[in-house]
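Let me begin by presenting the structure, written as structure tokens, before commenting on it.
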Number of protein chains: 2
Amino acid sequence: MSQATPPKPTDAELEILHVLWQHGPATVRAINDSLSQRRQAEVGYTTTLKILQLMLEKALVRRDAADRSHVYRAAVREQETQGLLLDKFVAATFGGSAMKLVMQALGSRSTSADELAQIRRLLNDIEIQNSTSNSDDDDRA
Amino acid sequence: MSQATPPKPTDAELEILHVLWQHGPATVRAINDSLSQRRQAEVGYTTTLKILQLMLEKALVRRDAADRSHVYRAAVREQETQGLLLDKFVAATFGGSAMKLVMQALGSRSTSADELAQIRRLLNDIEIQNSTSNSDDDDRA
DNA sequence: CTCATTCTACGAAATGATTCGTAGTGACCT
DNA sequence: AGGTCACTACGAATCATTTCGTAGAATGAG
């Protein structure tokens, strides 16, 4: 059981993870280029390299050092990482209430009909899940 | 328009804002006590004081210095502040997609029937808003 | 008046994140 | 072989945040 959960990525680390999640394994050079595009300004090559090295220590990424230019890949899944960050954020900002967060996200933002329908579909799925896993509780309000 | 938007509060500042939002105006002493309760450990009195002084500079709080022990009050509204933080968070973590956030928040979390109903109600309200305020090709922004 | 208590103000240490410069190494081209 | 280029490793400067210690002023009790 030496598999400690990788720690919460910082902002810069998260940005690199986004690149890796989107593009798949990549060299420092490629990651740095993506990063420079994504922001408005050039990012120093060694800055990106350094962060990747720190991420390697934290086990947020793995690397293949077979070639001279190492290839990095994400070692954490997108959904899990986002869930982890979401938990922290909800705790700090909304006192732990995911409901408040959802209300705020939907309420103070323009949401298209498509998106609303998508959420409804999700709600239905969740309700089905809830009722099938919990047979004595069939409420038809 | 000299009303610059107060900056994004840090974690410690946000925690103090929570206290102020919940309890209303309070002295440093009272705030410090609430903080110490909220966490597991004692918080140094001067630590709380210092943060409040910084928050004052940033215009996150106001203070009444009439008495010897100053009374601080929140200068930013809860919903607005949460909305600001939410925007930043969604941008950094979900690439700007509030939808992904909502899906994640609802999907990977146990949500009660009550809460689901609450969200459905909110969805209905939003759809009504959308259809009444915005009929087809009538763009009155 | 004097002492103890409580307050504010401020400096500064400790920590974490981000950035970049420099050094060293290997590869490739001529 | 010699020179140039791209790469990794690493130290260190910078910046923001959080924390606390100390000093000095006001207050109230005896």
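No experiment lies behind these values; they were computed from the predicted model shown. Every chain is numbered from 1 and lettered A, B, ... according to where its sequence line falls, protein lines coming before strand lines.
When all heavy atoms of A:Ala59 and A:Val76 are compared, the pair lying nearest together is O-CG1, 4.4 Å.
The separation between B:Asp67 atom CG and C:dC7 atom P is 12 Å, rounded to whole Å. A:Leu14 places its CG atom 10 Å from the P atom of C:dT18, with the value rounded to the nearest Å. Rounded to whole Å, atom C1' of C:dT8 lies 12 Å from atom CG of B:Leu52. When the P atom of D:dA25 is taken as reference, atom NE2 of B:His70 falls 15 Å away, rounded to whole Å. Atom P of nucleotide D:dA9 and atom CE of A:Met55 are separated by 15 Å, given to the nearest angstrom. We find that CD of A:Glu57 is positioned 14 Å from C1' of C:dG16, with the value rounded to whole Å. In this structure, the CG atom of A:Leu49 is 11 Å from the P atom of D:dC10, given to the nearest Å. One atom, CD1 of A:Ile51, and another, P of C:dA17, lie 11 Å apart when rounded to the nearest Å.
Two residues, B:Asp11 and A:Tyr72, neighbour DNA chain D, and the one matched to the more 5' nucleotide by heavy-atom proximity is A:Tyr72.
For the side chain to side chain donor-acceptor pair (under 3.5 Å) test, no residue two or more places apart in sequence or in another chain qualifies with B:Thr93. Residues passing the side-chain contact (heavy atoms from CB on, under 4.5 Å) test with A:Pro25, sequence neighbours excluded: A:Val71, A:Arg73. By the ring-ring contact (aromatic ring centres under 6.0 Å, His included) test, A:His18 pairs with A:Trp21, sequence neighbours left out.
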Which atom pairs link the protein and nucleotides 20-24 of chain C when you take only N or O atoms and keep those under 3.5 Å?
residue, atom, partner, partner atom, Å
C:dC20, OP2, A:Gly44, N, 3.3
C:dC20, OP2, A:Thr47, OG1, 3.0
C:dG21, N7, A:Thr46, OG1, 3.4
C:dG21, O6, A:Thr46, OG1, 3.4

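OP1 or OP2 of C:dT8 has not a single side-chain nitrogen or oxygen of B:Gln53 nearer than 4.0 Å. The shortest distance between the side-chain N/O atoms of A:Thr10 and the OP1/OP2 oxygens of C:dT18 is below 4.0 Å.
Taking CG from A:Leu52 and CD from A:Glu57, the interatomic distance works out to 12.0 Å, rounded to the nearest 0.5 Å. Rounded to the nearest 0.5 angstrom, B:Met99 CE and A:Gln118 CD are separated by 3.5 Å.
A heavy atom lying under 4.0 Å from DNA chain D marks the following residues of residues 16-39 of chain B, by number: B:Arg39.
The stretch residues 41-81 of chain A participates, sequence neighbours left out, in no ring pair (Phe, Tyr, Trp, His ring centres under 6.0 Å) pair at all.
Around atom NZ of A:Lys100, no more than 12 heavy atoms belonging to other residues, nucleotides or ligands sit under 6.0 Å away. Within a 6.0 Å sphere centred on CZ of A:Arg77, heavy atoms belonging to other residues, nucleotides or ligands number 12 at most.
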